[in-house]
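Along the sequence shown, residues are numbered consecutively beginning with 1. Quick caveat: nothing in here was measured; it's all calculated off a predicted structure.
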Amino acid sequence: MGNMPGICWGFQLLILFVHHCYGFYLPGSYMHTYSTKDAIYAKVNSLTSIETELPFSYYSLPYCKPMGGIKKSAENLGELLMGDQIDNSPYRFRMNVNESLYLCTTSPLNEREVKLLKQRTRDLYQVNMILDNLPVMRITKQNGVNIQWTGFPIGYTPPNSNDDYIINHLKFKVLVHEYEGSGVQIIGTGEEGMGVISEADKTKASGFEIVGFEVIPCSVKYDPEVMTKLHMYDNISSVNCPLELDKSQIIREQERISFTYEVEFVKSDIRWPSRWDAYLKMEGSRVHWFSILNSLMVITFLAGIVFVILLRTVRRDLTRYEELDKEAQAQMNEELSGWKLVVGDVFREPNHSKLLCVVIGDGVQIMGMALVTIVFAALGFMSPASRGMLLTGMIILYLFLGIAAGYVAVCLWRTLKGTAEGWRSLSWSVACFFPGIVFVILTALNFILWGSKSTGAIPISLYFILLSLWFCISVPLTLLGGYFGTRAEPIQYPVRTNQIPREIPARKYPSWLLVLGAGTLPFGTLFIELFFILSSIWLGRFYYVFGFLLIVLLLLIIVCAEVSVVLTYMHLCVEDWRWWWNAFFASGSVSLYVFLYSINYLVFDLQSLSGPVSAVLYLGYSMIMAVAIMLATGTIGFITSFYFVHYLFSSVKID
C-alpha cells in the first residue's frame with residue numbers, strides 16, 4: 001500500500017495535463033501563424049521527372065538566385081537518400097498582400113544553358129516548390145475532370161513544333177485560414193517536429209495559417225530593355241497568361257529571360273490539421289477493399305486445406321498409431337507410406353545450413369522493420385509533411401533489430417548443429433549479408449548517378465555515415481543478439497535422426513516447380529497494393545493508405561505461413577525429407593513474381609521512362625526490394641513450417 005500516494009499523485013498530474021490540453025497533434029510540422037504583411041519565403045526542392053527518375057538541383061538551371069545567396073536546408077537521412085535537395089528561393093510572399101513582382105532578368109543564354117533547358121523541358125522536368133512545408137499544387141483539366149499535380153513544368157513544347165518555351169511567370173494562390181486563437185497554442189520541437197496543443201493566451205496564437213498553395217504557370221515574353229531597369233521585388237502590372245506562341249518566352253541562344261510572379265491570398269474554411277487532405281485524397285479505396293477481399297478468400301481456402309491436414313489426416317493417423325501395441329506399430333511401420341516414413345530423416349541437417357541461418361536472421365530483421373514501420377505509419381506518426389521520415393525510421397529500426405537477427409540465427413544454428421561453436425562468424429555473416437547486397441547495388445547505381453551529375457547520387461560523406469551506422473550499431477547489436485542466442489535454451493528435436501540418410505523416391509515432377517507455383521498465392525495478396533506503392537515511388541504520387549497496407553501485410557504473413565505448411569506437408573507425404581529450403585522458398589518465391597511485376601510495370605506503366613540509365617536505376621532498386629521481400633516472406637514460411645514439422649513428429653512414438 002506504500003505506493004498508493006505516488007499513484008494518486010500520478011493520476012492527479014495526468015488529469016491536470018488532460019485538462020490543460022485540448023489535443024495532441026502528431027503528423028507533420030507544427031502550426032505557424034502569420035500576421036498581415038509577415039514575409040514568408042518559398043523553398044525549392046530538386047527538379048524531378050517521371051521520364052528519367054534522375055533528380056537535379058533547382059539551381060542547375062539559370063533561375064533567379066536569392067539576394068543573400070543559396071542556403072541549403074537541413075536534411076534528414078531519408079531526404080538525402082531520396083535525392084531531395086531543399087534550397088531557399090527568391091520567391092517572397094507577404095501575408096495577405098496581393099502583388100505582382102519582378103525577380104530578375106538572366107544574362108543572354110549561352111549554348112550550354114539552352115541545350116540544358118531544352119533537354120530538361122523535353123524530359124518533362126518539374127519544379128517542386130514548398131511554402132510553409134506545403135508542396136505547390138497545379139490543377140489542370142483533362143476531359144472536363146480536374147487533375148491535381150504537385151509541382152509545375154520547367155517549360156513546354158507545343159505539338160508539331162521544335163521550339164521550346166520556358167515557364168517564367170507564376171500566378172500563385174495561397175489559401176489562408178484566419179485563426180482566432182481559441183485558447184490554444186502549438187508548442188513545437190522544430191519544423192518537422194511534433195506539436196502539443198495547450199491552453200495559452202488568446203492573443204498569442206491569433207493570426208493566419210497557410211492551408212493551401214496553388215500555382216498557374218505561364219510563359220510570357222518581356223522586353224529585356226524595359227525589365228533590366230527594374231530591381232528585385234519591384235511592382236509590375238498583373239499579367240494574363242498568353243495563348244499565342246509569339247507572346248511566349250522561347251528558349252534559344254542570346255535570349256534574355258525575365259522572371260516574374262504574382263500572388264493572391266484567398267481566405268479558406270480549411271483548417272490547419274486538414275490542409276494535407278487535398279494531397280492525400282484516397283482515390284480507388286474500392287480497389288484496396290477488393291484486394292483485401294480477394295486475399296481473405298485465398299486465406300480461407302488455404303486455411304481449409306491446413307485444417308484438413310492437421311485435424312483430419314494427421315490426427316487420424318496419430319490416433320490409430322497410438323492405439324496399437326509395440327509389435328503392431330513395428331508391423332505398421334513396415335507398411336507405412338508418406339510422412340511417417342521419414343521420421344528418422346526429417347530433422348537431418350540441411351545443405352548450406354549456415355546460409356539458411358543467415359537468411360532467416362536477416363528475414364526476421366526485415367520483417368520486424370516492415371511491421372513496426374507500417375504500424376507507426378498507420379497510426380499517423382510518419383506524415384508526408386515530414387519528408388524522408390519514413391525512410392529514416394526504417395533505417396533506424398533495421399539497425400536496432402540487428403539484436404533480433406543475431407539471436408534467431410544463432411538459436412537456429414545451435415538447433416541444427418547441437419553446439420554454439422562458430423556463432424561469432426555466423427553473427428558477422430548475418431550483419432553483413434543483406435546490407436552487403438544493398439551496398440553493392442547502391443554503389444553501382446551511385447556511379448551511374450555521379451556520371452549524370454544528379455542530386456540523387458549519395459554524397460561521399462553520407463556513405464561514411466551509413467558505413468559507420470552499419471559497423472558501429474548494426475554489427476555490435478547483431479553480435480550481442482548472437483551472444484544471447486548462445487545462452488538461450490536450444491530447441492530439442494522430438495525424434496532421433498538415423499545415421500544413414502533415407503533414399504528419396506523418384507517423382508514425376510521436380511519439387512522446384514511446386515515451390516515456384518506456391519509463390520503465386522502470396523503474390524495475389526500483394527499485387528494490387530504493389531501497384532500503388534510503385535506509383536508513389538516512380539510517378540511522384542503520395543502514398544498514405546498505410547491502414548490498408550498494414551491489413552495487406554498481415555494477410556500476406558498468414559498466406560505465406562499457410563502456403564509453406566501445405567507445401568512442406570506435400571513434400572513429406574512423398575517421402576522427401578529435404579523440406580528446409582523448400583519451406584523457405586515456397587513463400588519466398590513471391591519475390592520472383594514481385595520482380596517480374598516490376599518489369600511489367602516498367603514496360604507498360606512507365607512507358608515515358610527514357611534512356612538506359614533510368615531503366616538500370618529502376619531495375620536496381622527493384623532488385624533490392626525483391627531480395628528484401630524474399631528474405632522476409634521466406635522467413636515467415638520457414639519458421640511456420642519448422643514448428644509444424646516439430647508438432648507433427650512430436651506425437652510419433654519411436655523406439
request  = Among Val266, Leu175, Val136, find the residue that satisfies the side chain to side chain contact (heavy atoms under 4.5 Å, CB included) test when tested with Glu214.
outcome  = Leu175
Cys218 vs Val239, side chain to side chain contact (heavy atoms under 4.5 Å, CB included): CA-CA, chis, key distance, verdict = CA-CA 9 Å; Cys218 313; Val239 179; over 6 Å; no
task = Output the distance between atom CD1 (Ile460) and atom OH (Tyr463), rounded to the nearest 0.5 Å.
result = 7.5 Å
message = Does Tyr597 form a side chain to side chain contact (heavy atoms under 4.5 Å, CB included) with Phe523? I'd like the steps, not just the answer.
response = CA-CA 10 Å; Tyr597 182 79; Phe523 179 69; 3.7 Å; yes
request  = Give a yes or no answer on whether the side chain of Arg256 reaches the backbone of Thr106 with a donor-acceptor pair at less than 3.5 Å.
outcome  = yes
task = In plain terms, say whether Glu262 and Lys171 are close enough for a salt bridge, that is, a side-chain N and a carboxylate O under 4.0 Å apart.
result = yes
query = Out of curiosity, Leu134 CG to Ile210 CD1, how far, rounded to the nearest 0.5 Å?
reply = 8.0 Å
request  = Locate the shortest heavy-atom distance separating Tyr58 from Asn45; write the atom from each residue and the value.
outcome  = CB-O, 4.0 Å
key: Side-chain donor/acceptor of Ser46 to backbone N/O of Gln85, under 3.5 Å   = yes
Close side-chain approach of Leu101 and Asn235, heavy atoms under 4.5 Å = yes
ask   = For Ile216, does the CD1 atom sit with more than 12 other heavy atoms under 6.0 Å from it, leaving out its own atoms?
value = no
note = Residues Ser248 and Lys221: closest non-hydrogen pair is O-CB, 3.7 Å
key: Heavy-atom side-chain proximity of Leu131 to Phe172 below 4.5 angstrom   = no
query = Can you tell me if CG on Asp269 sees more than 12 non-hydrogen neighbours from other groups inside 6.0 Å?
reply = no
inquiry  = Any heavy-atom pair between the side chains of Val263 and Asn98 that's under 4.5 Å?
reply    = no
query = Is a side-chain N or O of His177 found less than 3.5 angstrom from the main chain of Arg271, in a donor-acceptor match?
reply = no
query = For Met625, does the CE atom have more than 12 heavy-atom neighbours from other residues, nucleotides or ligands under 6.0 Å away?
reply = yes
request  = Measure from NZ or CZ of Arg120 to the centre of the six-membered ring of Tyr125 and say whether it is under 6.0 Å with the direction within 45° of the ring axis.
outcome  = yes
remark   = Thr392 meets the side chain to side chain contact (heavy atoms under 4.5 Å, CB included) criterion, sequence neighbours left out, with Asn76, Leu77, Ile396
note = Looking only at heavy atoms, the pair that brings Trp149 and Thr140 closest together is NE1-OG1, 3.0 Å
note = Of all heavy-atom pairs linking Arg122 and Asn162, the shortest is NH2-O, 2.8 Å
inquiry  = Within the structure provided, determine whether Ile629 and Tyr593 are in side-chain contact (heavy-atom separation under 4.5 Å).
reply    = no
With sequence neighbours excluded, residues passing ring-ring contact (aromatic ring centres under 6.0 Å, His included) with Tyr59 = none
inquiry  = Does Ser89 form a side chain to side chain donor-acceptor pair (under 3.5 Å) with Tyr63? I'd like the steps, not just the answer.
reply    = CA-CA 10 Å; Ser89 85; Tyr63 284 124; over 6 Å; no
inquiry  = Quick check for you: to the nearest 0.5 Å, what is the distance between Leu103 atom CG and Met227 atom CE?
reply    = 9.5 Å
ask   = Do Leu117 and Asp164 come within less than 4.5 Å of each other through their side chains, counting heavy atoms only?
value = no
key: Spatial distance of atom OG1 (Thr121) from atom CG (Leu116) [nearest 0.5 Å]   = 9.5 Å
query = When you look at Leu596 and Asn600, which way does the side chain to side chain contact (heavy atoms under 4.5 Å, CB included) test go after all the steps?
reply = CA-CA 6 Å; Leu596 291 174; Asn600 170 76; over 6 Å; no
key: Aromatic plane relationship, Tyr222 with His169 - under 30° parallel, 30 to 60° tilted, over 60° perpendicular   = perpendicular
key: Nearest heavy atoms of Asn88 and Pro66, plus distance in Å   = ND2-CG, 3.6 Å
query = Given Thr157 and Lys118, is the side chain to side chain contact (heavy atoms under 4.5 Å, CB included) satisfied, shown in steps?
reply = CA-CA 9 Å; Thr157 308; Lys118 278 180 167 286; over 6 Å; no
key: Any Phe56 side-chain heavy atom under 4.5 Å of Leu61 side chain   = no
inquiry  = For the aromatic rings, using the six-membered ring if either is Trp, is the centroid distance between Tyr156 and Tyr165 under 6.0 Å?
reply    = yes
ask   = How are the rings of Tyr601 and Tyr618 set relative to one another: parallel (under 30°), tilted (30 to 60°) or perpendicular (over 60°)?
value = parallel
query = More than 12 heavy atoms of other residues, nucleotides or ligands under 6.0 Å from CZ of Phe595: is that the case?
reply = yes
request  = Would you please classify the geometry between the Phe93 ring and the Phe265 ring as parallel, tilted or perpendicular, with 30° and 60° separating the classes?
outcome  = perpendicular
key: Non-hydrogen atoms of Gly151 and Asn128 that approach each other most closely   = CA-OD1, 4.1 Å
inquiry  = Quick check for you: to the nearest 0.5 Å, what is the distance between Ile154 atom CD1 and Gln126 atom CD?
reply    = 8.5 Å
query = Okay, side chain of Glu529, backbone of Leu526: is any donor-acceptor separation there less than 3.5 Å?
reply = no
key: Note, Glu209 side chain near Arg275 side chain (heavy atom, < 4.5 Å)   = no
ask   = Just wondering, do Asn168 and Thr260 contact through their side chains at under 4.5 Å, heavy atoms?
value = no
message = Looking at Thr105, is its backbone amide N or carbonyl O close enough to the side chain of Ser258 to form a donor-acceptor pair, meaning the two atoms are under 3.5 Å apart?
response = no
ask   = Is it true that atom CD of Glu111 has more than 12 heavy atoms of other residues, nucleotides or ligands lying nearer than 6.0 Å?
value = no
key: Rounded distance [0.5 Å steps], CG in Leu109 versus CD in Glu253   = 8.5 Å
Main-chain N/O of Val44 paired with Asp87 side-chain donor or acceptor, under 3.5 Å = no
inquiry  = Could you check whether any side-chain N or O of Tyr233 sits under 3.5 Å from a backbone N or O of Pro90, counting only pairs where one atom can act as donor and the other as acceptor?
reply    = yes
